[in-house]
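Okay, so here's the structure we're looking at.
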Amino acid sequence: MTQELNVLALIKGTERFIFVYDDHSKDELIDDIRDKAADPAVALNWFDASVLTERVRNPAAEPDPADLLDE
């Protein structure tokens, strides 16, 4: 049996955030994304974390174009 992996990526300026996870590690990934958003040394902000965690929870949903606008 092969293990399926998911890839979630965010390119923000010169920063690259790439997350590889399986269906059993979604909760750990969400915690990791939130930890990164809380760390002032990481360029990931709470808006980014919100969009990324929503994609982890609901990967089949089409992104809302309004969410792509960074205020």
Side-chain angles (χ1 to χ4, degrees):
M1 177 183 230
T2 60
Q3 179 181 11
E4 290 189 25
L5 297 176
N6 305 297
V7 177
L8 180 66
L10 171 67
I11 299 171
K12 185 174 181 176
T14 60
E15 299 281 334
R16 306 288 189 261
F17 299 92
I18 301 170
F19 304 95
V20 179
Y21 63 99
D22 62 17
D23 289 340
H24 301 290
S25 62
K26 287 182 178 183
D27 291 337
E28 291 88 0
L29 175 59
I30 290 171
D31 289 342
D32 184 50
I33 291 170
R34 289 178 178 161
D35 289 344
K36 286 179 179 16
D39 185 346
V42 178
L44 194 73
N45 62 35
W46 287 107
F47 176 81
D48 301 328
S50 174
V51 173
L52 290 171
T53 56
E54 179 58 29
R55 296 297 293 172
V56 171
R57 288 188 184 113
N58 194 4
E62 289 294 319
D64 182 350
D67 287 342
L68 303 176
L69 301 174
D70 195 12
E71 298 176 16

Nearest-0.5 Å distance, [atom1] of residue [X] to [atom2] of residue [Y]:
{"X": "D23", "Y": "Q3", "atom1": "CG", "atom2": "CD", "answer": "9.0 Å"}
{"X": "L52", "Y": "F17", "atom1": "CG", "atom2": "CZ", "answer": "9.0 Å"}
{"X": "D48", "Y": "T53", "atom1": "CG", "atom2": "OG1", "answer": "10.5 Å"}
{"X": "K36", "Y": "D31", "atom1": "NZ", "atom2": "CG", "answer": "11.5 Å"}

State yes or no: do [X] and [Y] share one hydrophobic cluster built from I, L, V, M, F, W and Y residues joined by side-chain heavy-atom distances below 4.5 Å, directly or via other members?
{"X": "L5", "Y": "I18", "value": "yes"}
{"X": "W46", "Y": "L44", "value": "no"}
{"X": "I30", "Y": "V51", "value": "no"}
{"X": "V42", "Y": "L8", "value": "yes"}

Are R55 and F19 close enough that some pair of their side-chain heavy atoms sits under 4.5 Å apart?
no

For the student: nearest non-hydrogen atoms of [X] and [Y], plus distance:
{"X": "Y21", "Y": "V56", "value": "OH-CA, 3.9 Å"}
{"X": "A43", "Y": "E15", "value": "CB-CG, 3.8 Å"}
{"X": "D22", "Y": "E4", "value": "CB-O, 3.7 Å"}

Atom CD of residue position E28 - does it have more than 12 heavy atoms of other residues, nucleotides or ligands inside 6.0 Å?
yes

